Amino acid sequence: MPELPEVETIRRQLAKKIVGKKLKGKKIKAVRRRAKVLIINFADGSSLVFHLKLTGQLIFNGQPLKYTRKIFRFDDGSKLVFNDARKFGWWKIVKNTEQIEKRFGPEALEINLKTFKDCLKKHPNTKIKPLLMDQKFIAGIGNIYSNEILFAAKVLPQRRVKTLKDKEIQQIHQNIKTVLKKAIRYHGTSAQYYLDACGKKGSYINYLKVYQRDGEKCVRCSGKIKRVKIGGRSAYFCPKCQK
DNA sequence: ACAATATCCTGCGAGC
DNA sequence: TGCTCGCAGGATATTG
């Protein structure tokens with residue numbers, strides 16, 4: 001599922017390819033990202049906005065396929081193909097992105113430790129994993145990376161915020177950045193459907209430590225990776241070395 | 001304030 | 001082989 005690293009990968013690739021081109025007569029000024037939302041900015045201030053949800057793909061000059069929902073054509077004949085097998089994704093044109101952007105909390109890659117701690121204080125009884133996935137709390141993290149971040153921080157996903165020690169909060173904060181940045185370097189995780197804007201798979205799947213690895217041996221301590229439901233979502237963790 | 005559940009949709013794997 | 005069934009999941013709404 002496209003999370004911050006996947007959408008950021010698409011954003012960077014797309015920016016190189018389409019900035020300066022025209023779409024329906026409107027010149028493209030920038031390609032931006034907020035949380036998991038991709039924003040194509042036009043010179044007149046309006047924007048074309050996408051959310052890929054679970055199975056969305058945005059492929060520059062891609063071949064139209066069975067699940068192609070929309071093709072955007074640029075003035076030079078190139079095109080942007082929007083595929084989405086499960087139809088959860090959406091796109092729309094907005095006059096400005098204010099309404100969309102204000103729904104989200106601080107960007108995961110930008111939040112500083114103090115702000116992170118302040119945000120945590122507001123949710124003392126919430127379990128840490130669902131909170132990391134809450135876009136109003138912090139923007140960009142989904143199921144794959146919440147699991148990977150908590151593994152890296154050695155914190156169990158079902159821990160309640162008020163039980164976290166200062167050191168653990170620091171570890172979570174730091175690993176939000178290191179995990180997401182590494183995932184961007186490898187163009188994200190192609191677990192099922194995700195493809196980048198060039199139609200290629202991301203290779204971070206090779207670096208996943210816990211996600212979809214239940215039953216396997218922990219790479220850190222040789223414990224056995226477990227999977228449980230937390231907040232209706234699959235949580236993967238090592239019960240031995242995550243505390 | 002937080003949790004649990006339903007909703008949208010369809011590919012996929014399991015079971016028969 | 002081919003059917004049915006249940007599950008997965010981001011975000012949101014609703015109910016507890």
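Chain letters run A, B, ... following the sequence lines, proteins first, then strands; residues in each count from 1. These numbers were taken from a predicted model, which means no experiment stands behind them.
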Acceptor/donor pairs from residues 45-54 of chain A side chains to any protein atom, 3.5 angstrom cut, sequence neighbours excluded:
| residue | atom | partner | partner atom | Å |
| --- | --- | --- | --- | --- |
| A/S46 | OG | A/K26 | NZ | 2.8 |
| A/S46 | OG | A/D44 | OD1 | 2.7 |
| A/S46 | OG | A/D44 | OD2 | 3.4 |
| A/S47 | OG | A/N41 | ND2 | 2.7 |
| A/H51 | ND1 | A/K53 | N | 2.9 |

Taking side chain to side chain contact (heavy atoms under 4.5 Å, CB included) as the test, write out the residues that go with [X], two or more places apart.
{"X": "A/K24", "result": "none"}
{"X": "A/K92", "result": "A/W90, A/V94, A/I100"}
{"X": "A/E101", "result": "A/R32, A/R34, A/I39, A/T97"}

For A/D134, give me all partners under salt bridge (Lys or Arg N to Asp or Glu O under 4.0 Å), at least two apart in sequence or on another chain.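 If we apply the salt bridge (Lys or Arg N to Asp or Glu O under 4.0 Å) test to A/D134, skipping adjacent residues, the hits are A/K136.
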
Is A/E168 salt-bridged to A/K154, going by a charged N under 4.0 Å from an acidic O?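 No.
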
Please determine if A/E6 and A/K36 form a salt bridge, counting it only when a charged side-chain N lies under 4.0 Å from a carboxylate O.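 No.
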
Using a 3.5 Å cut-off and no angle test, enumerate the donor-acceptor pairs between side-chain atoms of residues 229-240 of chain A and protein atoms at least two apart in sequence or in another chain.
| residue | atom | partner | partner atom | Å |
| --- | --- | --- | --- | --- |
| A/S234 | OG | A/R227 | NE | 3.3 |
| A/S234 | OG | A/R227 | NH2 | 3.3 |

Over the length of the helix from B/dC2-C/dG16 to B/dC16-C/dG2, how much do the five-pair end axes diverge, rounded to 10 degrees?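 The value is 50°.
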
Apply ring pair (Phe, Tyr, Trp, His ring centres under 6.0 Å) to A/F137 and list each qualifying residue two or more places apart in sequence or on a separate chain.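 Per chain and number, A/F137 pairs via ring pair (Phe, Tyr, Trp, His ring centres under 6.0 Å) with A/H123.
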
What ring pair (Phe, Tyr, Trp, His ring centres under 6.0 Å) pairs are there with at least one residue in residues 148-186 of chain A, not counting sequence neighbours?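 Counting only pairs at least two positions apart or across chains, the ring pair (Phe, Tyr, Trp, His ring centres under 6.0 Å) contacts touching residues 148-186 of chain A are A/F116-A/H173, A/Y186-A/Y207.
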
Measure all distances between protein nitrogen or oxygen atoms and nitrogen or oxygen atoms of nucleotides 6-12 of chain B, and list the pairs falling under 3.5 Å.
| residue | atom | partner | partner atom | Å |
| --- | --- | --- | --- | --- |
| B/dC9 | O4' | A/R86 | O | 3.4 |
| B/dT10 | OP1 | A/K87 | NZ | 2.7 |
| B/dT10 | O2 | A/R86 | NE | 3.2 |
| B/dG11 | OP1 | A/Y67 | OH | 2.6 |
| B/dG11 | O5' | A/Y67 | OH | 3.4 |
| B/dG11 | O4' | A/Y193 | OH | 3.2 |

What nucleic acid atoms does [X] come within less than 4.0 Å of, heavy atoms only: base, sugar-phosphate, or nothing?
{"X": "A/Q135", "answer": "sugar-phosphate"}
{"X": "A/K136", "answer": "nothing"}
{"X": "A/S234", "answer": "sugar-phosphate"}

Do any N or O atoms of the protein come closer than 3.5 Å to N or O atoms of nucleotides 1-5 of chain B, and which pairs are they?
| residue | atom | partner | partner atom | Å |
| --- | --- | --- | --- | --- |
| B/dC2 | OP1 | A/P124 | N | 3.4 |
| B/dC2 | OP1 | A/N125 | N | 3.4 |
| B/dC2 | OP1 | A/T126 | OG1 | 3.4 |
| B/dC2 | OP2 | A/H123 | ND1 | 3.1 |
| B/dC2 | O5' | A/T126 | OG1 | 3.2 |
| B/dA3 | OP1 | A/R160 | NH1 | 3.0 |

Outermost nucleotides of DNA chain C that come under 4.0 Å of a non-hydrogen atom of chain A: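 Terminal contacting nucleotides, 5' to 3': C/dA8 to C/dT12.
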
If you measure from CD1 on A/I172 to OG on A/S146, what distance do you get to the nearest 0.5 Å?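 Between atom CD1 of A/I172 and atom OG of A/S146 there are 11.0 Å.
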
